[in-house]
Enquirer: 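The following block contains the structure, expressed as structure tokens.
All heavy atoms count here, side chains included; hydrogens, waters and symmetry mates do not. Chain A is the first sequence line, chain B the second, and so forth, proteins listed ahead of strands; every chain is numbered from 1.
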Amino acid sequence: MRASRLYAPTLKETPSDAEVVSHQLLTRGGYIRKLTAGVYDYLPLAHRVLRNIEEIIRQELNRAGAQELLMPTVQPAEIWEESGRWQKYGPELLRLKDRKGSDFCLGPTHEEVIVDLVRRDVRSWRQLPINLYQIQGKFRDEIRPRAGLMRGREFIMKDAYSFDVNEEGALQSYDAMYKAYQRIFTRCGLDFRPVEADTGSIGGSRSHEFQVLAESGEDAIVSCDSCEFAANVEQAELVIRGESLSSSPEMKVLTKVHTPNQKSIEAISSALDVDKKSCVKTLVMIADDQAVMVLVRGDHEVNDIKVKKLLDAQEIRMATEEEIKELGLVSGFIGPYQASNQAQKATWLVDQALKGKVNLVVGANELDYHFSGVSLERDCPQLDRYADVRLAEAGDACPRCRGELRAFKGIEVGHVFYLGTKYTKAMKCNILDENGQETPIVMGCYGIGVTRVMAAAIEQNHDQDGIVWPVSLAPFKLHILTLQSNKEDVVSCAEGFYNEALDMGIDVLYDDRDLRAGGKFKDADLIGIPFRIAIGGRGLKEGVVEVKKRSEKTVYKVPTTQVMQVIAQELAGQNALNSFTE
RNA sequence: CGGGGUGUGGCGCAGUCUGGUAGCGCACCUGUUUUGGGUACAGGUGGUCGGAGGUUCGAAUCCUCUCGCCCCGACCA
């Protein structure tokens, strides 16, 4: 491809609405343009990257025995009503009507469609296992699209669905996909970690996320530094650290203290000069319209997903200011001791880290007052439901080996779920097993955010000047620049290499534009192609051109006669540049 | 949805407080110049100032409504 013809308008300045690096660089490099919030055009460069990612996915999934197909984007409401998700999915599901007034939606995921497909055609256990996947545009009407491609409303996703006779088979399918994912993300040049995860609205019981480690990630994950354990903080189960307190701490007297306007744990702990660990946060949550009081240590964070699971609730949220008042509570001064009658009737959950703790500070349920010297078992004997309800954090003990957990930020690029029979039961997708018994098929489902992989790769591979693509994803592998476009020997040399590269089947971008060297270098760094050949009059006098890897600073002077061979070797993964000078 | 911010040629911004008929840089076009890290000079194209309504002799600027976009958002009890 000649740069003079390439549709890749680069920008000198960063667009003001781009916050994260991947969004900035993709926009500046002429890879993407925004159409509207969370919806983007993928220009030729981006399209090439996406095709590279898709190709890696195809190769690995096909190798794992999956088959590609393509399902519709527009889906009828009926199948969503069958699965129960027409009601449950919420406003994220973009719904529309056809001219007759029938309900449809834009597919955010395809469990319903694929189950409908499979139940028509599959009758016997002999036809299983089956694993089907597609690579397709998805639409989810996110509350708040953000960070460019990282959380868009329309995005490209690979979704796969496995169908097995029984749980054992399904777990084998799950395992095969898990391994395929590891190969896929490795080949994409990503630094990632598979982590245990919550199953979310897709449902199911066993699940791993594939998280790309990056500061800009939205997900918080913890991983053990002494074993393989890694999990999303929402999921990570916690164990009580055997903190050796002084064997029987003296229990202080319960005292009411004046704490004017001190509503936060921060304020209380500094005003009363007590450790945050000795304060108690009492949160009011609403689980399926029922009030729930949750107690955690002052320095801990509540994990609403754990609370939701514990109560077997469909929905969980924090109470509003009004709801708190209705319960007869005073926001900022809530506590378990002498709470209002209405509040007493609510469900109370206490984080296990508070079990047996003494001399705590809690809200007094009265404006501007707290109680200190509270010992839960002595003063609040009614609290009897202790459980793990908080978020994991760095320093917590590993639930497997008791090692120490470290915290990371991650970008979720892939997710694998063991689904079980959730959808096949609801939609009557049955087979006859070996014994002639009718039984629901056991499913798994597996997603990869293709567009998000592209963004994540940039979050992990960039410098001040632009993108540094892993070779496997790069839109072109080789970038040839002429440093002076008016010198005949320079141009003819470049044309020669360009044609040679084309003959060799190398994806090559040839910057033949009538630009000064500076501009070409800037664009080359921005776009991020792994290998660059710069041809200038100075070098040609010595019979050399300059070869540089985007990922390294070093510029190598390579004789013109050897350049293409060296490039070919480097692209094949051999070190051929090291023997040249500079 | 709640909170905050913002909307002025393709991009980045000034002008808005204090009303007087739109400006700068980049990009783009023409010419000359320059040619190894975004050359220099000259000339030029392009804007219903997000939209609607209002106040006024006069509105980018003041008022009302509305739309888009960006950021933050359980709590920190």
Enquirer: Assess whether a salt bridge exists between A:Lys138 and A:Glu154, defined as any Lys/Arg side-chain N lying under 4.0 Å from an Asp/Glu carboxylate O.
Expert: no
Enquirer: Checking base pairs now: Watson-Crick or wobble, both atom distances under 3.5 Å. What partners B:A42?
Expert: B:U30
Enquirer: Using purine N1 to pyrimidine N3 plus N6-O4 or O6-N4 for Watson-Crick, or N1-O2 and O6-N3 for G-U wobble, each under 3.5 Å, what pairs with B:U18?
Expert: none
Enquirer: At a heavy-atom distance below 4.0 Å, what parts of residues 459-467 of chain A sit against RNA chain B?
Expert: none
Enquirer: Any side-chain N or O of A:Arg516 under 4.0 Å from OP1/OP2 of B:U39?
Expert: yes
Enquirer: When you measure from the side chain of A:Arg532, which nucleotide among B:C75, B:G37, B:G36 comes out closest?
Expert: B:G37
Enquirer: So which of residues 1-14 of chain A are in contact with RNA chain B, with a heavy-atom cut-off of under 4.0 Å?
Expert: A:Lys12, A:Glu13, A:Thr14
Enquirer: Scan residues 539-555 of chain A against RNA chain B and write down, sorted by residue number, each residue with any heavy atom closer than 4.0 Å; if none is found, say none.
Expert: A:Gly539, A:Glu546
Enquirer: Could you pull out all residues at least two apart from A:Lys97 that satisfy salt bridge (Lys or Arg N to Asp or Glu O under 4.0 Å)?
Expert: A:Asp103
Enquirer: Anything under 3.5 Å between a protein N or O and an N or O of nucleotides 67-70 of chain B, put it in a table, one pair a line.
Expert:
residue	atom	partner	partner atom	Å
B:C69	OP1	A:Thr36	OG1	2.7
B:C69	OP1	A:Ala37	N	3.1
B:C69	O3'	A:Lys34	NZ	3.0

Enquirer: Just wondering, more than 12 heavy atoms not from A:Ile143 lying within 6.0 Å of its CD1?
Expert: no
Enquirer: How far does the P atom of B:U55 sit from the matching atom of B:G47, given to the nearest Å?
Expert: 29 Å
Enquirer: Distance check, P atoms only: B:G50 and B:A22, in whole angstrom units.
Expert: 15 Å
Enquirer: Look at the side chain of A:Ile143 and decide which nucleotide, out of B:C1, B:C75, B:G37, has an atom nearest to it.
Expert: B:C1
Enquirer: Which sits closer to the 5' end of RNA chain B, A:Thr282 or A:Gly519, going by the nucleotide each is nearest to?
Expert: A:Gly519
Enquirer: Dump the pairs, protein N or O against N or O of nucleotides 42-46 of chain B, anything under 3.5 Å, distances to one decimal.
Expert:
none

